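Step one of this worksheet: look at the structure below.
Note that these values count all heavy atoms, side chains included, but never hydrogens, waters or copies made by symmetry. Read the numbers this way: they start at 1 and go in the same order the structure lists the ligands and their atoms. Just so it is clear, the structure is predicted and the values come from calculations on it, not from any experiment.
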Amino acid sequence: MKIIDLRSDTVTKPTAKMREAMSNAEVGDDVYLEDPTVNHLEKRAAEIFERQAALFVPTGSMGNLICVKLHTEPGQEVILESRSHILNYEVSSMAMVAGVLPRAIPTSNGLLEWKQIEQAIRPQIYYCSQTALICLENTHNMAGGAVMSKAQTYEICLQARERKIPIHLDGARVFNAAATLGESVADLTRHFDSVMFCLSKGLGAPVGSIIVGSREFIEKARILRKLLGGGMRQVGVLAAAGLIALEEMPNRLKEDHSNAKFLATALAAIDKIEIDPESVQSNILIFDISKTGLNTSEFSAKLKERGILANGINATQMRMLTHYDVDKEDCQKALKTIKDLVLN
Ligand code: TLP
């Protein structure tokens, strides 16, 4: 039985082309800046995002942490959305390592608006901790892959700049956002002070994320990466897969989005499942199973027995992601399995 793994797009295995590139990669010691494949990947990332420089980091979490720490001083505040990844799934690194206080804003759809952010900026009074950074997430993972438009993004970035508050993008899935909007990633992210994006999610690389920004920022980020234990040696073997992810995989993300839409539309037609298919804009779907009489652990366990992997994000909501290693037929099979489970 083929296992259909819808737990995340992080589960994708390197493609045959990636494995071949990995085995042929030219490598050197990247701590000495001598790995030609890493240097090439960083150069291409900077070009694609139209930035001065880029840095390869092992994970999205490390990339976000480096950026949060570089933009802030301990004791300052960071504004972000309540369900953001940085706040909820990075082991409190922003508090523990950067020493900053999250100022979380709840939203219904995951997409912050400037007027909400403006109200959360702390007054410049000596006894208030000061707002040092704003973080956005596009697409927004736990808001079901919600996509923030270019207009909304620009408004927030330009207002933040006017207030002299730096702004960071957790763009783990920014290529998905760009695919939905029909924009280039460079245009969509132009006004952020720093951007982190992942090669290892929808783009299919086995490992790795990238930070892009100014030359000065990336030089500081390199020092912090070393401090955190992320100075890697012959890491060109990973960068080689990353290059294929960066150059070739963005073009196919629409396929994942259309599979997610297909699943969402079909799930919405099942009485005991609640999801608004209109809200599914990229490769993530979150749906409510309260009416099935099962909690998400039970639902996951029953799906697993039938060869489908998916996890809950709480007791009542399941999350599924489409990606390179599941095709339309797999989605049809997953759907049939869910129907059988829920209706019988
Ligand atoms: N997301 C993972 C889990 O950690 C939840 C997933 O399966 O979706 N930003 C965003 C928006 C992310 O979704 C993730 C990972 C990260 C950052 C962190 O990336 P890694 O796992 O490389 O540290």
Handout entry: Donor + acceptor pair across side chains of H323, T12 (<3.5 Å)
Key = no
Handout entry: Electrostatic pair E118:R163 at N-O distance under 4.0 angstrom
Key = yes
Handout entry: Protein heavy-atom partner closest to atom 7 (O) of ligand 1 - residue, atom, separation in Å
Key = S8 OG, 2.7 Å
Problem - Donor on one side chain, acceptor on other, H85 and N64, under 3.5 Å - result: no
Handout entry: Derivation and outcome, side chain to side chain donor-acceptor pair (under 3.5 Å), residues S84 and H140
Key = CA-CA 7 Å; S84 61; H140 191 306; 5.9 Å; no
Problem - Sub-3.5 Å N/O-N/O distance, K201 and ligand 1 - result: yes
Completion exercise
In ligand 1, the atoms that come under 4.0 Å of a heavy atom of E137 are 11 (C)
Problem - Presence of salt bridge, R225 and D30, under 4.0 angstrom - result: yes
Problem - Nearest-contact summary for atom 22 (O) of ligand 1 - protein heavy atom, Å - result: G60 N, 2.8 Å
Practice task
Please say whether S200 places an N or O atom under 3.5 Å from an N or O atom belonging to ligand 1.
Solution key: no
Practice task
Measure up the H191 and Y154 rings against each other and bin them: parallel (under 30°), tilted (30 to 60°), perpendicular (over 60°).
Solution key: perpendicular
Problem - Test log, rule side chain to side chain donor-acceptor pair (under 3.5 Å), inputs Q76 and S129 - result: CA-CA 5 Å; Q76 293 183 321; S129 57; over 6 Å; no
Problem - Element-labelled atoms of ligand 1 that are located less than 4.0 Å from some non-hydrogen atom of R173 - result: 6 (C), 8 (O), 12 (C), 13 (O)
Problem - S209-ligand 1 polar pair, N/O distance under 3.5 Å - result: no
Problem - Atom indices of ligand 1 within 4.0 angstrom of T59 heavy atoms, with elements - result: 22 (O), 23 (O)
Handout entry: Main-chain N/O of L224 paired with K69 side-chain donor or acceptor, under 3.5 Å
Key = no
Completion exercise
The atoms of ligand 1 lying under 4.0 Å from a heavy atom of R319, numbered in the order shown, are 6 (C), 7 (O), 8 (O)
Handout entry: Nearest non-hydrogen protein atom, atom 17 (C) of ligand 1
Key = H85 ND1, 3.4 Å
Practice task
Check whether any N or O atom of T139, backbone or side chain, sits under 3.5 Å from an N or O atom of ligand 1, and answer yes or no.
Solution key: no
Problem - Aromatic contact, F56 with F197 (centres under 6.0 Å) - result: no
Exercise for the section: Number the atoms of ligand 1 from 1 as they appear, then name those within less than 4.0 Å of a heavy atom of N64, with their elements. Expected result: 17 (C)
Exercise for the section: Would you check if there is a donor-acceptor pair between the side chains of N141 and R319 at a distance under 3.5 Å? Expected result: yes
Exercise for the section: Could you tell me if any non-hydrogen atom of E90 lies under 4.0 Å from any atom of ligand 1? Expected result: yes
Exercise for the section: Give yes or no for whether the N/O distance cutoff of 3.5 Å, strictly under, is met between D170 and ligand 1. Expected result: yes
Exercise for the section: Give the contacting part of L321 toward ligand 1: side chain, backbone, both or neither, where contact means a heavy-atom distance below 4.0 Å. Expected result: neither
Practice task
Please verify whether a non-hydrogen atom of H140 lies at under 4.0 Å from ligand 1.
Solution key: no
Problem - Any donor-acceptor N/O pair, T316 side chain to S290 backbone, under 3.5 Å - result: no
Handout entry: Contact atoms of ligand 1, heavy-atom distance to S61 under 4.0 Å
Key = 18 (C), 19 (O), 20 (P), 23 (O)
